[in-house]
*Asks:* 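A single structure is presented below for examination.
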Amino acid sequence: MSEKPFRTYFKEENVRMVPLLNIDSVGGMHSSNEVGEYEPEFILDMLPFKGAIQGDVAIKETGDSMSPRIPSGAIMLLRRVMEWQEYFGYGHVFVLVLTDGRRITKRVTKCIENPREYVLCESINPAYPSEELPKKMIYSVWKVIDVLVHEGY
């Protein structure tokens, strides 16, 4: 039985090369990013992602608060959410760029006590508690579209 060439599994019209940036996002709200706020951002590589669109980027996850869904070292495909102040899309996983330059990865849900001014940031790993985050601390929002996990032998 002959096997199909590897390239036939990816139809060119469904795959887009996306820049892998040298920055990371951390799962923990109180953790530092590996690439800080004042270090230059640049493209490390171009990676193929099925379903990616123009403007998407890829970055690495650091830390274990989003494990096992997004383990440390995973590469996330991100898409910028332009009108997040009007509609957040609660319940999804996002990378939030904060006004102090930190980048955090969390599942964002509605803050019941004060939904106008706060969002609730949840970790996947139950060892990390949820935290309320003031919306005024959010600079930009990027939805996690896909995650590449490298679990080689």
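If you read the sequence from its start, that first residue is 1, and numbering goes on from there. This is a predicted model, so every value here is computed, not measured.
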*Asks:* Going by ring pair (Phe, Tyr, Trp, His ring centres under 6.0 Å), name the pairs with one or both residues in residues 51-82, residues two or more places apart or in two chains.
*Replies:* none
*Asks:* Does either side chain, that of T62 or that of S72, offer a donor lying less than 3.5 Å from an acceptor on the other one?
*Replies:*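 Per modelled atom types, T62 and S72 side chains form no pair under 3.5 Å.
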*Asks:* Identify the two heavy atoms, one from S65 and one from S123, that lie closest to each other, and give their separation to 0.1 Å.
*Replies:* O-CB, 3.2 Å
*Asks:* So, N22 side chain and F42 main chain: donor-acceptor pair closer than 3.5 Å or not?
*Replies:* yes
*Asks:* Transitively linked via ILVMFWY side-chain contacts under 4.5 Å: M137 with I104?
*Replies:* yes
*Asks:* Within the structure provided, determine whether P71 and E61 are in side-chain contact (heavy-atom separation under 4.5 Å).
*Replies:*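 When only atoms from C-beta onward are counted, E61 and P71 do not touch, as no gap falls below 4.5 Å.
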*Asks:* Does any non-hydrogen side-chain atom of L77 lie less than 4.5 Å from one of V147?
*Replies:* no
*Asks:* Measuring from I59:CD1 to L20:CG, what's the distance to the nearest 0.5 Å?
*Replies:* 9.0 Å
*Asks:* Name all residues meeting the salt bridge (Lys or Arg N to Asp or Glu O under 4.0 Å) criterion together with D56; count only those two or more places apart in sequence or in a different chain, and write none if there are none.
*Replies:*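 D56 satisfies salt bridge (Lys or Arg N to Asp or Glu O under 4.0 Å) with R79 only.
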*Asks:* Would you check if I124 and P68 make a side-chain contact, meaning some heavy-atom pair closer than 4.5 Å?
*Replies:* yes
*Asks:* Who are the side-chain hydrogen bond (donor to acceptor under 3.5 Å, both in side chains) partners of W84, not counting sequence neighbours?
*Replies:* none
*Asks:* Below 4.5 Å, heavy atoms only, C-beta onward: do V144 and V95 meet side chain to side chain?
*Replies:* yes
*Asks:* If we only count heavy atoms from C-beta on, is the L44 to L21 side-chain gap below 4.5 Å?
*Replies:*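 No. Closest side-chain heavy atoms not under 4.5 Å.
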*Asks:* Run the side chain to side chain contact (heavy atoms under 4.5 Å, CB included) check on R16 and M46 step by step: do they pass?
*Replies:* CA-CA 9 Å; R16 179 182 290 271; M46 298 295 288; over 6 Å; no
*Asks:* Determine all donor-acceptor pairs shorter than 3.5 Å in which one atom belongs to a side chain in residues 108-122; sequence neighbours excluded.
*Replies:*
unit_1 : atom_1 : unit_2 : atom_2 : d
T109   : OG1    : E122   : OE2    : 3.4
N114   : OD1    : E117   : N      : 3.4
E122   : OE1    : R107   : NE     : 3.1

*Asks:* Checking side chain to side chain contact (heavy atoms under 4.5 Å, CB included) for the pair I145/K143: CA distance, chi angles, key distance, verdict?
*Replies:* CA-CA 6 Å; I145 303 298; K143 185 176 181 184; 4.1 Å; yes
*Asks:* Please identify which of these residues, V26, N125, V93, meets the side-chain contact (heavy atoms from CB on, under 4.5 Å) condition with M66.
*Replies:* V93
*Asks:* Mind checking ring-ring contact (aromatic ring centres under 6.0 Å, His included) for Y90 and listing every partner two or more places apart, or none if nothing turns up?
*Replies:*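 In terms of ring-ring contact (aromatic ring centres under 6.0 Å, His included), with neighbours along the sequence ignored, Y90 is linked to F88.
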*Asks:* What about I23 and I43, same hydrophobic cluster or not, with Ile/Leu/Val/Met/Phe/Trp/Tyr joined at side-chain heavy-atom distances under 4.5 Å?
*Replies:*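 Looking at the clustering, I43 is in the same group as I23.
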*Asks:* Look at the side chain of R103 and the backbone N and O of D24, then say whether any donor-acceptor pair between them is shorter than 3.5 Å.
*Replies:* yes
*Asks:* So do T105 and M76 actually touch side chain to side chain, heavy atoms under 4.5 Å?
*Replies:*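 They are in side-chain contact.
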*Asks:* Spell out, yes or no, whether V149 and I70 are grouped together once hydrophobic residues are joined by side-chain heavy atoms under 4.5 Å, including indirect joins.
*Replies:* yes
*Asks:* Can you tell me if D64 and Y128 form a side-chain donor-acceptor pair at under 3.5 Å?
*Replies:* yes
*Asks:* Is there a side-chain contact between L133 and I138 (heavy atoms, below 4.5 Å)?
*Replies:*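 A side-chain contact exists here, since the closest heavy-atom pair is under 4.5 Å.
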*Asks:* Output the distance between atom CG (L148) and atom NZ (K60), rounded to the nearest 0.5 Å.
*Replies:*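 Reported to 0.5 Å precision, the distance equals 14.0 Å.
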*Asks:* Could you work out, with side-chain hydrogen bond (donor to acceptor under 3.5 Å, both in side chains) as the rule, every residue matching S130, not counting sequence neighbours?
*Replies:*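 Per chain and number, S130 pairs via side-chain hydrogen bond (donor to acceptor under 3.5 Å, both in side chains) with no residue.
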*Asks:* Heavy atoms, side chains only, cut-off 4.5 Å: are F94 and L78 in contact?
*Replies:*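 The answer is no, as the side chains (C-beta and beyond) never meet within the 4.5 Å cut-off.
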